[in-house]
Protein chains: 2
Amino acid sequence: METETGTNWLNHEEQRAWRAHLDVSRLLMHKLERDLQPFGLTNNDYEILVNLSESEDHRMRMSDLAAATLQSKSRLSHQITRMENAGLVRRENCESDRRGLYGVLTDRGWETMREVAPHHVASVRQHFIDLLGASGIDALYGSLAPVAEHLRTRRKIG
Amino acid sequence: METETGTNWLNHEEQRAWRAHLDVSRLLMHKLERDLQPFGLTNNDYEILVNLSESEDHRMRMSDLAAATLQSKSRLSHQITRMENAGLVRRENCESDRRGLYGVLTDRGWETMREVAPHHVASVRQHFIDLLGASGIDALYGSLAPVAEHLRTRRKIG
DNA sequence: CTAAAGAAGTTGAATTCTGAACCAATCGAT
DNA sequence: ATCGATTGGTTCAGAATTCAACTTCTTTAG
């Protein structure tokens, strides 16, 4: 059912779902960011540490890292420079492709990761996971997975 | 069940739900932002226009606007300055509290809103709402509402 | 009535982010 | 082989964001 103007506005249920997603997204990021502050890390820092930690040889190509963390190459480049200055990662040349670079976790980066991860996970639990309950978790994933899929594929195109 | 270290890591279901939320959140914001670009608006611009449009007399106190849009007073102040320069809003003194200011929608702001809103809603539908389906919408809201509530209350405190 | 504390907003400097321009290396077709 | 198109990555300038300091007004307590 559309209005006379032809615009298919959101109904009440749609609005509140949309707003809930928006609010949770923003408030949660903000809270997680604050919980990381005592360790001198930002959310972005942390996510990069996670990605490198879980990778073969604790290293990833810049492009792959940018794709995995959903940010532009430019932003990642700046980010890695900062983390390099902080001693958490280093750049290393790629032999198979002389244009390429690896972002590599340093020992210090790895140590930082091992120290911080438990706190971060606790934070994610406290402010998100544990509030959902098992059924909420499945419901959430069931709802969101198709959206994520849609957006990911559309990303390559546009 | 915890590991020997005492940290209650996320299991597979929890991880994928968490990541889905994260990915949707970021990809969607990015996509919506891009869809607003042709109109010369950012997401933040748009949200402020919405809030003012829906308010009595098309005006809101700065503090309330900051709270409603979940941003710091500082950020909002800069934001309003930009929008003022763009002719979308203006500041107006508050008589009942001489410290206070209103952010007020200009005619141009209102026109912009009426023009852009249909496109934005279409975008939200296309990339989010319509991918969830009716059941997904309810499931999502059911899952997220308690989290949003938790975070909102915790916000005042911390 | 007054002093201290708190609330409303702004400002400015430092940081981060964005988008376009750029360089260098690789690929692909002739 | 070589020329054009892509890919990987950085850099620069401009815009947005953060954080702390600051001003002005209001509220509260004595």
Side-chain angles (χ1 to χ4, degrees), chain A residues 26-27 29-38 40-48 59-86 88-104 155-158, chain B residues 26-27 29-38 40-48 59-86 88-104 155-158:
Chain A
R26 275 190 286 192
L27 290 168
M29 282 310 109
H30 196 268
K31 179 61 179 153
L32 294 179
E33 190 94 44
R34 285 192 72 77
D35 284 354
L36 280 175
Q37 274 182 8
L41 295 182
T42 65
N43 249 320
N44 206 1
D45 291 335
Y46 182 81
E47 191 167 9
I48 286 176
R59 76 185 49 219
M60 273 177 99
R61 286 292 294 272
M62 289 300 222
S63 294
D64 297 338
L65 193 46
T69 57
L70 300 177
Q71 53 194 327
S72 68
K73 291 165 182 232
S74 172
R75 182 176 171 187
L76 178 69
S77 186
H78 288 300
Q79 173 69 28
I80 292 293
T81 301
R82 270 173 257 140
M83 293 180 75
E84 208 168 16
N85 292 336
L88 299 172
V89 303
R90 65 173 181 280
R91 282 182 236 244
E92 238 176 65
N93 288 356
C94 173
E95 304 183 2
S96 61
D97 184 340
R98 283 193 298 178
R99 296 167 296 186
L101 291 175
Y102 287 104
V104 187
R155 182 173 169 72
K156 311 275 182 182
I157 303 163
Chain B
R26 274 190 286 191
L27 290 169
M29 282 309 111
H30 198 268
K31 180 61 180 152
L32 293 179
E33 191 94 44
R34 285 191 71 78
D35 283 355
L36 279 174
Q37 274 182 8
L41 295 180
T42 67
N43 250 321
N44 206 1
D45 290 335
Y46 183 81
E47 191 167 11
I48 287 176
R59 78 185 48 219
M60 272 178 98
R61 285 293 292 273
M62 288 301 222
S63 294
D64 296 338
L65 194 47
T69 57
L70 302 176
Q71 54 194 324
S72 70
K73 291 165 182 241
S74 172
R75 180 177 170 187
L76 178 68
S77 186
H78 288 298
Q79 173 70 29
I80 292 292
T81 301
R82 270 174 259 138
M83 293 180 74
E84 209 167 15
N85 292 336
L88 298 172
V89 304
R90 64 173 181 277
R91 282 182 236 247
E92 240 175 63
N93 289 355
C94 173
E95 304 183 0
S96 61
D97 185 341
R98 282 192 299 177
R99 296 168 295 186
L101 290 176
Y102 286 104
V104 187
R155 182 173 170 71
K156 312 275 182 181
I157 303 163

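Letters A, B, ... mirror the listed sequences (proteins, then strands); counts begin at 1.
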Just the rounded figure in Å: distance from P of D:dT11 to CD of A:Glu84. 11 Å
Using only side-chain N and O atoms of A:Gln71, determine if any of them is under 4.0 Å from OP1 or OP2 of C:dT18. no
Under 3.5 Å, is there an N or O donor on one side and an acceptor on the other linking the side chain of B:His78 and the base of C:dG12? yes
Given C:dG19, C:dA8, D:dT11, the nucleotide with the shortest approach to the side chain of B:Gln37: C:dG19
What's the closest nucleotide to the side chain of B:Asp97 if the choices are C:dA8, C:dA25, D:dG9? C:dA8
Find the distance B:Asn93:CG to C:dA8:P and express it as a whole number of Å. 16 Å
Between D:dT11 and A:Ser74, counting only base atoms on the nucleotide and side-chain atoms on the residue, is there a donor-acceptor pair under 3.5 Å? yes
Comparing B:Asp64 and A:Arg98 on DNA chain C - which has the more 5′ nearest nucleotide: B:Asp64
Please determine if a side-chain N or O atom of A:Ser63 lies less than 4.0 Å away from the OP1 or OP2 oxygen of D:dG9. yes
Which part of the nucleic acid does B:Glu33 contact within heavy-atom distance under 4.0 Å: base, sugar-phosphate only, or nothing? nothing
Rounded to the nearest Å, what distance is computed from the CG atom of residue A:Asn44 to the C1' atom of nucleotide C:dT18? 14 Å
Using whole Å, report how far CG of B:Leu70 lies from P of D:dT18. 12 Å
Contact nearer the 5' end of DNA chain D, comparing A:Cys94 with A:His30: A:Cys94
Okay, side chain of B:Glu92, backbone of B:Tyr102: is any donor-acceptor separation there less than 3.5 Å? no
Quickly work out the A:Met83 CE to D:dT10 C1' distance and round it to whole Å. 18 Å
Tell me: CG of B:Leu65 to C1' of C:dT10, nearest whole Å? 15 Å
Please list, for nucleotides 14-16 of chain D, all pairs of protein and nucleotide N/O atoms separated by less than 3.5 Å.
| from | atom 1 | to | atom 2 | distance (Å) |
| --- | --- | --- | --- | --- |
| D:dA16 | OP2 | B:Arg82 | NE | 3.4 |

Rounded interatomic separation in angstrom, taking CE from A:Met60 and P from D:dG8: 13 Å
Residue-phosphate contact under 4.0 Å: A:Arg91 side-chain N/O, D:dG9 OP1/OP2: no
If you go through the side-chain atoms of B:Arg99, does one of them form a donor-acceptor pair with the base of C:dA7 closer than 3.5 Å? yes
